[in-house]
Structure formats: C-alpha cells, structure tokens
Amino acid sequence: MKGVSFLYYTQEQIDRANQADLVLFLQSQGEPLERAGQEYRWKRHDSLTVRGNKWYRHSQSKGGGPIDFVMEFFGKSFTEAVELLTGEKGAAPPPDRPSSAPLSDFRLPPRSPDNRTARNYLTAARRIDEDVTGFFFASGDIYEDAAHHNAVFVGRDEDGIPRYAHSKGTAEGSDKAFNFCYRGEGERVFVFEAPVDLLSFLCLFKKDWQKQSYLSLGGVGEKALLRFLSDRPNIKTVYLCLDSDEAGNDACSRLVKLMPEGYTVHRLIPLFKDWNEVLQHRAEITDGKYLREAVYGLKGPPQEETVEIIRMSEVDTQTVEWLWEPYIPFGKVTIVQGNPGEGKTTFALRLAAACTNRKPFPHMAVHEPFNVIYQTAEDGLGDTIKPRLMEAEADLDRILVIDESKQGLSLSDERIERAIRQTGARLIILDPIQAYVGEKTDMNKANEIRPMFRRLAEIAERTGCAVILIGHLNKAAGGQSAYRGLGSIDFRAAARSVLLIGRVKREPNVRVIVHDKSSLAPEGKPIAFCLDPETGFSWIGEYDITADELLSGAGGNTATKTEQAERLILDLLADGKELASEDLVKAAAEAGISERTVQNAKRNMGGVLGARRVGGQWYNFIKKKQPPEPAS
C-alpha cells in the first residue's frame, strides 16, 4: 500500500467535506456543466445531475454526497476525497481514538465506459439471470474495470461508502470487513463464500429476495460476517450457504463457534459443490429441489429461544402435482381402504402398472414411466404379485421391492426415504398399513400414530414421492366411512386423500372407488371397475354411489338409484300432472339422482310413461290405463 496506511480526520472535517458544493467543485476541476433548471448536468456523464452538495445518476437510480461522489467518479480513496474537498491534510490518529474500522487508503479500480464484457461473462458463462445482474450493475455494486474488463464486486459500509473491491483478486487497500453484500430489512442473512454464489442463489430462490440480507465472505474468513452482524442488530437468523466440500464444512463449524450468542444458525447445503454449479444445472433439476440438505439448529439462543415464525407473505405458493387428479397427489400420503377381497390390491397393482407402461387410469394424465416401490406383507411376490403385474402389462424392471428378508420394514424405517432417493421412485405402496406400523406400536393410540405419520408425510414432501397406504376396514357395520378404518382416526386425519374401494352388492363383479376425503381439491366422482371371472379387469367409468351407501349396502348402486328415480317420477306425475323433462331432471338432481339415472328410469317406465312435445319442450305424463276389452 502506498503512502500512509491510515489517516485521521475529525468528524467535523468529514462533515465539512460532505457539505461541499459539487457545482463549484466540478467547475474548479475544469469539468463542463450545463444548467438544467435548478440542477446542473455533467456533460461527461449526461445522465448525472448535481445540485448543491447532492448528486444523482438517473441511469442507475443512485445518488449521494460529495465524499462518495469523488470516490466513485475520481477514483480517490476516502482520505483523498476528504482532502480534495476540504484542502486539509489528514493526521495520524490519536492513540486513544476508538475506531473499529479505520479509513484506509482504498480506491476503486477505474471503470470501463460500459459494462458489456462483465455483463456477458456473468449471464453467459455464469448463467446469472439478467434481472439479478442488472440490479447490482444499476446500484454500482458490480461494474466492469477499465484495465482488464473484469467484473468488479464492490463492498460498502453502512453509509454506502466503498471500502472493498474484488476482481480476480482483492483490490489493494480493501477492508475485508466490508465485503460484497445486499442489506435487506428482514431478520435473516444468507452467507456465501463468493459473490457469484450469492448471485446464483438469488436466481434459484428469487421470490421476494430483496426483503432479506445476503453477504459474501470473499472466502471462508469470519471478518465480514462478524462486522455485518455488528452493524445490523435486526438480524436474528443466519443461514450459512457455504460450499459443499471439506473447506466449506470446516468453515461452517468454525463460524458457528465464533458467532456471538443470541443468533439462530442454520446451514443450507447446495445440491452440487457450490450454488453456481447448481444454477448451471438448473434446467436438469425438474423438481426444483436445489438443496442437498438443510441442517437446522446449528446454534440457537442460549436461554429464551424465540419461536421461529413464518410470515405467510414469505411463503412460496406451490401448485399441487398430481399422479391421478384429484385422487392421488405426488408428495403426499393417500390411504386406500376397504374390506378384504374387494379389490384394494388389484387397484394398487393396476396403478403401479399404469405408472410404468403409459396406460393411464380414466382421466389420468399420461406420465413418463417411472419407478414404483411396492411393499406387501400379505401376498407372495412370485406366486401372486408378479403374475398379476404381468397381467396388467407392467414394466417389471420398474417395479421394485425393499428386501425385508433380514429386517422387517416399518413406517418409521429410514430405509423408506433412502430407497426412494436411491431408485428415484415417484410412488411407494405399502400393503397393508397394519403390517408396517411396527410390532411395538399400538395403532389405536393417536400419540403413537401421529409422530410416525408426520415423519412419513415429511418424507413424501421432501422427495415428491406419492405414498399410498392400503388399509382394511373395521367390522363396525353401518358406521360412517370416516370411522370404519382400522386403528386411530389419526390415520385418516394425516392423509391428504382417502379412497374407499368396495363391492356393489347387487353387482358382485363391480368394484367402486369412492373419493372419501380430499384436502387438496374437490372430491372426485366415484369410478367403477369390473373384475369378471372370465374377461378379467376392465374400467366401467363414473358410478352413482356414496361411500356410506357402498359400505352399508342400503342402496346407491345403479339398480337402486334407478328405482329411486322411477318412484320420484311417479310421485311428480301423480294425479294426471304433466311436467317438462328438464324439470324432472332438476327435481332428481335435488334428490341426489343424476340425469343419466333419470334417463335409465324413463326407459324402464316405457310402458307407463308418455311424452309429448309442446313448442320446443318435451313433457312427460303417466299413461291412462285402458279398460279391459269385453269378453266375446
């Protein structure tokens, strides 16, 4: 460093420098000015105007006072700027002067006339989004140096004065306590090793990013972080976003120990080595999961630990991804339940096959084939499961099973998540649920079921895998469907979707899937399939029945609904009344009877039901009985 490393100016001298008239200063430097109303436009920078001791650069929406003006546009250090504005020399600081950040002889590298090369490097080579780079170019915190046309990353103190610059190395005189950063108003700061990683993170997690703070350490040292926390008392939570390598791991451990008490510290580990590498592969990460891991609670307040509060304004809105809309969502737990032998396993195996062979269920979007994990505790893999999968034309290479020969599986088993990640499975089926709660777990006790289900739901959420649990019903005949599942009601409460499968009593080959609970979308219509002993499996389509009707056998199948419609038509047309066909349909709808069922009833009543057209409408009536012919 040339000259005196640190010079002392009193606060009075600094204030006097910041009161200098910039118009007079520029004129004294021989700079051409052009009057524009009450302001003066500097001809060398036509977007910049000065007025009194204030300046404003309109092209970058940025302005300030005389000291930072001289530093910014004349390439002077802080002390040189004060001297140039006041004409007074600085002195060595008195021995008892308290100063945590001396004013060094730092100056920014000269600027290039434009930022074209630096912009191209960041957006093309580093793939930083243009709106992110544009923000920092506009603020002057990134610019292109004149000598080598590299991107310069500027660090400023709390007053906005440049104190640090990095470009292929740290500029001479830089104070590493003031590194490249963005200061938001929120209570969180995200910490990175390098400016490019900081910018990459903003591209990956862009929503409302300007509310929080972001800091580059310029390596793995602690100086910038400790200074930032000292200057920003509003910060409560620190997210260490260092590289996923040995140096990053060691630095995180060291920084946690060095941080003052009272902060909550978490670590966000990138999916690849660093955040720019993640950004470079962003197009390949289709599920939007850019983290390898989030490690929470590395450090917390020692005594009164504050409750972590999430503001709904900061929560990213997410759309539900569906395996079979609206019946089975990805990333959630779905329960399929019914009595033994009524089609649950057939349904599950057909679903597994549909996920591997591009032959979707009714109203199901076509998915690219993916891996499915199928766990069963009731049927043999070789004599039952595989033959039925072959019948369903499944791609058997994509149907996988976690080996339980040495150790049984349970819902809390960590092998479930490991297997999902190892195989990339997007669906896991456990049949039946009762076999996987664990031998020491009482499935009727909510306090034992809830933690287990919470962990399973978190696995589904983290991996995006659909989890389907096959369950039996209890023997409480006649009860509501919500209370017919075996075990605690918490099974049902924790699931986002519940499907009920049952046999139609009047049509023993017909099984109906009823959407009994849906937390993410309106419930889907019941759908039926046929299990014919001769022809096998086939879809029937939508079916008019409720869950309670299916369970109780008190009605609801097609035949019973048709009978209800016939009785309703007879009641409405009694005593010689005539009624428009559309009014019959409306009345039936109010009674829970579909238009299709009304049409079936009319066909059945052809012998007694008459119809005639009046104008543009058809009217129905009951035919009068003909008197018997006299005997001959």
Closer than 4.0 angstrom, basic N to acidic O: yes or no for [X] and [Y]?
{"X": "Arg156", "Y": "Asp141", "value": "yes"}
{"X": "Glu185", "Y": "Lys211", "value": "no"}
{"X": "Glu314", "Y": "Lys207", "value": "no"}
{"X": "Arg116", "Y": "Asp114", "value": "yes"}

Between [X] (side chain only) and [Y] (backbone N and O only), is there a donor and an acceptor less than 3.5 Å apart?
{"X": "Ser200", "Y": "Val196", "value": "yes"}
{"X": "Ser497", "Y": "Ser518", "value": "no"}
{"X": "Asp157", "Y": "Asp159", "value": "yes"}
{"X": "Gln212", "Y": "Arg188", "value": "yes"}
{"X": "Trp55", "Y": "Gly65", "value": "yes"}

Salt bridge (Lys or Arg N to Asp or Glu O under 4.0 Å), that's the test. Do Glu293 and Arg267 meet it? Break it down for me.
CA-CA 8 Å; Glu293 186 180 0; Arg267 185 180 181 192; over 6 Å; no

Kindly assign one of parallel, tilted or perpendicular to the pair Tyr214 and Tyr182, based on the angle between their ring planes and the thresholds 30° and 60°.
tilted

Can you confirm whether the side chains of Asp15 and Gln19 place a donor and an acceptor under 3.5 Å from each other?
no

Is it true that Arg111 and Tyr143 share a donor-acceptor pair across their side chains at a distance under 3.5 Å?
no

Centroid separation His166 to Phe180 less than 6.0 Å:
no

So with a 6.0 Å cut-off around [atom1] of [X], is the heavy-atom count from everything else above 12?
{"X": "Gln29", "atom1": "CD", "result": "yes"}
{"X": "His148", "atom1": "NE2", "result": "no"}
{"X": "Ile310", "atom1": "CD1", "result": "no"}

Arg119 charged N/C atom sitting above Phe137 aromatic ring, 6.0 Å / 45°:
yes

Test side chain to side chain donor-acceptor pair (under 3.5 Å) applied to Arg426 and His367, Glu321, Glu368, the passing residue
Glu321

Could you tell me which non-hydrogen atom of Ala457 sits nearest to which non-hydrogen atom of Val333, and how far apart they are?
CA-CG2, 4.0 Å

Determine the minimum heavy-atom distance between Asn53 and Ala20, stating which atoms define it.
CB-O, 3.1 Å

Val189 vs Thr237 side-chain heavy atoms within contact, under 4.5 Å:
no

Between Phe153 and Phe136, is the ring pair (Phe, Tyr, Trp, His ring centres under 6.0 Å) condition met? List the steps.
CA-CA 9 Å; Phe153 299 92; Phe136 289 96; 8.9 Å; no

Does Trp209 form a ring pair (Phe, Tyr, Trp, His ring centres under 6.0 Å) with Phe190? I'd like the steps, not just the answer.
CA-CA 11 Å; Trp209 70 264; Phe190 296 80; over 10 Å; no

